[in-house]
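Worth knowing before you read on, the calculation uses all heavy atoms, side chains too, and leaves out hydrogens, waters and symmetry mates. Residue numbers begin at 1 in each chain, while the letters A, B, ... track the order of the sequences.
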Amino acid sequence: MKELTPKSEDFSKWYVEVVQKAELADYTPMKGMMVIRPHGYAVWENVRNALDRRIKAAGHVNAYFPLFIPESFLQKEAEHVQGFSPEVAWVTVGGKEELEERLAVRPTSEAIIGHMYAKWIKSWRDLPVLINQWANIVRWEKVTRPFLRTTEFLWQEGHTCHETAEECEAETLRILDLYRDVCEAELAVPVLTGRKSLSEKFAGASMTYAVEALMSDGKALQMATSHNLGQHFSKAFDIRFEDRNQTLQYVWQTSWGMTTRTIGALIMVHGDDSGLRFPPRVAPVQVVVVPISIGNWKETVLPAARAAAESLRAAGLRVDLDAREEATPGWKFSEHEMRGVPLRLEIGPRDVKAGQAVLVRRDTGAKETARLADLGARVPALLDEIQAGLMAQAKAFLEANIRDAADYAEFKAILETKRGFVRAAWCGGEACEARIKAETMATIRVIPTEEAASKTDRPCVSCGGAGQALAYFARAY
RNA sequence: CGGGACGUGGCGCAGCCUGGUAGCGCACAUGCUUGGGGUGCAUGGGGUCGGCGGUUCGAAUCCGCCCGUCCCGACCA
């Protein structure tokens, strides 16, 4: 549990080390499969709860569909099967018997859900269907990294059906905004939102919208996606309803997901050379109480530390009392910094005498003393400040790393020297997009959805043709 | 999947070139000591060197194949 490689020296190494040293995850004997350890899983639980609250508040209900999908189902939507087939894991044997039809371990659940929806939906009165599921997913990725890309990962996937195209699009965008809100309000990760180019969209969607964040090494990370599936799947799976005019119509569908990858974003956006810095809203432990062990501390300091921890717990905070005898205070400080605890509360003999405690912020390192009687008010306020402080810091970084490129030379120079997002005009042509990707490794992360934000009179940064939209380009994870 | 690096107690490494059955630091256990930023000392337990095969009297060391990890690309949430 020593010496973390500095972020600036080797970002990838720093990332892998901090994941392990903070005990968020660990590797297993199977390639690309990791254990999410209790400290990491607690983060996921907090993210999940925040998301789940919002999904339900927006009118959705949770359900659970099977892990396996018959091969023939996956094949019903041509683009879908083509997009996912390279990374599907198959079950071919059950017990000792060879299966007649092999089963895919779900890489996403549109196919099985589509099949069930066809059975359940008959009338416009059945619509909208607003179902979400929390599930595990398997995609046989060639290159894996803890949280960012693993063979199996956890996520939620929403699958909705609507009467009209307009309603469907509205749902897609409502969810996009929901994701933005979770990222910014809970994870303290500022994001760009917008649509994807056609080449980057979900296999089988009409349009994909995404929430993109900027990691502190200047690479972008997709935090969530919201797809307008149009009628692609309803036609493939025959999901029809009789509308208000007594004609049969195919439903309009959306699907959307957010994954355990968000934990990777939390690490890469907020972490520093001492380890993790979790935003209080999703931190597994919000306050750690460290008694300063000197002399007869167990009789004097420890009871005061217990009382402080208890009172904060009673106020609804997630509090850990680190009363271990085998570790020194300094050791504990470092360890809890590594683990990202937002606020440390130190109580020593001097404090007990003075009826106070020392509060140390993880985000800034700032120390202050507070009267024990005031902790109930001061600690929650400080946690709010830390949450806001992390957001402000990340936002300043994002804004400082969005740069406009007038021409291709400038575009390339920015990506070479500074990275971050480059905002540039694009003609809408796939050839230009592909060329930019090949030459700079940058892809279109999002094209802002609002007319005003994407409108441009500048020529395409690649070909010089008429610019159709302003797009945000970046190298991405 | 292409290029590169690596695989030796839990972790990080040395030893390999010039074969002779393992060593260091941290961690761990015990005791004392210390304690407001990773305390110090002593004692002790733990590996047969990623796997398989070959060469050899003898392999961590040489050769071949395989597996895995990390980095850089192509693919992806």
Between B/rA77 atom P and A/Lys201 atom NZ, what is the distance in whole Å?
11 Å

Could you give the CD1-to-P distance, from A/Ile263 to B/rA77, as a whole number of Å?
19 Å

Would you indicate what A/Gly348 reaches in the nucleic acid, counting non-hydrogen atoms under 4.0 angstrom: base, sugar-phosphate, or nothing?
base

For A/Tyr477 and B/rC75, what is the distance between atoms OH and C1' respectively, to the nearest whole Å?
17 Å

Can you tell me how far P in B/rG20 sits from the matching atom in B/rG38, rounded to whole Å?
43 Å

What's the gap between B/rA59 and B/rU18 when it is taken at their C1' atoms, as a whole Å value?
15 Å

Regarding A/Leu221, tell me which of base, sugar-phosphate or nothing describes its non-hydrogen contacts under 4.0 Å with the strands shown.
nothing

Looking for any heavy atom pair under 4.0 Å, which part of the strands does A/Gln156 touch: base, sugar-phosphate only, or nothing?
nothing

Just the rounded figure in Å: distance from P of B/rA74 to CD of A/Glu87.
17 Å

Charged N to carboxylate O below 4.0 Å: is that the case for A/Lys76 and A/Glu71?
no

Without decimals, in angstroms, what is the distance between A/Met338 CE and B/rG37 P?
18 Å

Does B/rA77 have OP1 or OP2 under 4.0 Å away from a side-chain N or O of A/Thr225?
no

Using a heavy-atom cut-off of under 4.0 Å over every strand shown, decide if A/Glu200 touches base, sugar-phosphate, or nothing.
nothing

Answer with base, sugar-phosphate or nothing: what part of the nucleic acid does A/Thr150 contact at a heavy-atom distance below 4.0 Å?
base

Here the distance between atom P of B/rG37 and atom CD of A/Glu346, to the nearest Å, is 8 Å

Assign A/Pro86 to base, sugar-phosphate, or nothing according to its heavy-atom contacts below 4.0 angstrom with the strands shown.
nothing

How far, in whole Å, is B/rC28 from B/rG12 if one measures between their C1' atoms?
16 Å

N/O-N/O pairs, protein side and nucleotides 69-73 of chain B side, under 3.5 Å:
unit_1 : atom_1 : unit_2   : atom_2 : d
B/rU69 : OP1    : A/Gly32  : N      : 3.4
B/rC70 : OP1    : A/Tyr27  : OH     : 2.9
B/rC71 : OP1    : A/Arg145 : NE     : 3.4
B/rC71 : OP1    : A/Arg145 : NH2    : 2.8

Sugar-phosphate, base or nothing in reach of A/Lys437, heavy atoms under 4.0 Å:
sugar-phosphate

Using the P atom as the point on both nucleotides, what is the distance between B/rG10 and B/rC49, in whole Å?
13 Å

Do A/Tyr408 and A/Thr440 come within less than 4.5 Å of each other through their side chains, counting heavy atoms only?
yes

Round to the nearest Å and state the distance from A/Ile347 atom CD1 to B/rG37 atom P.
16 Å

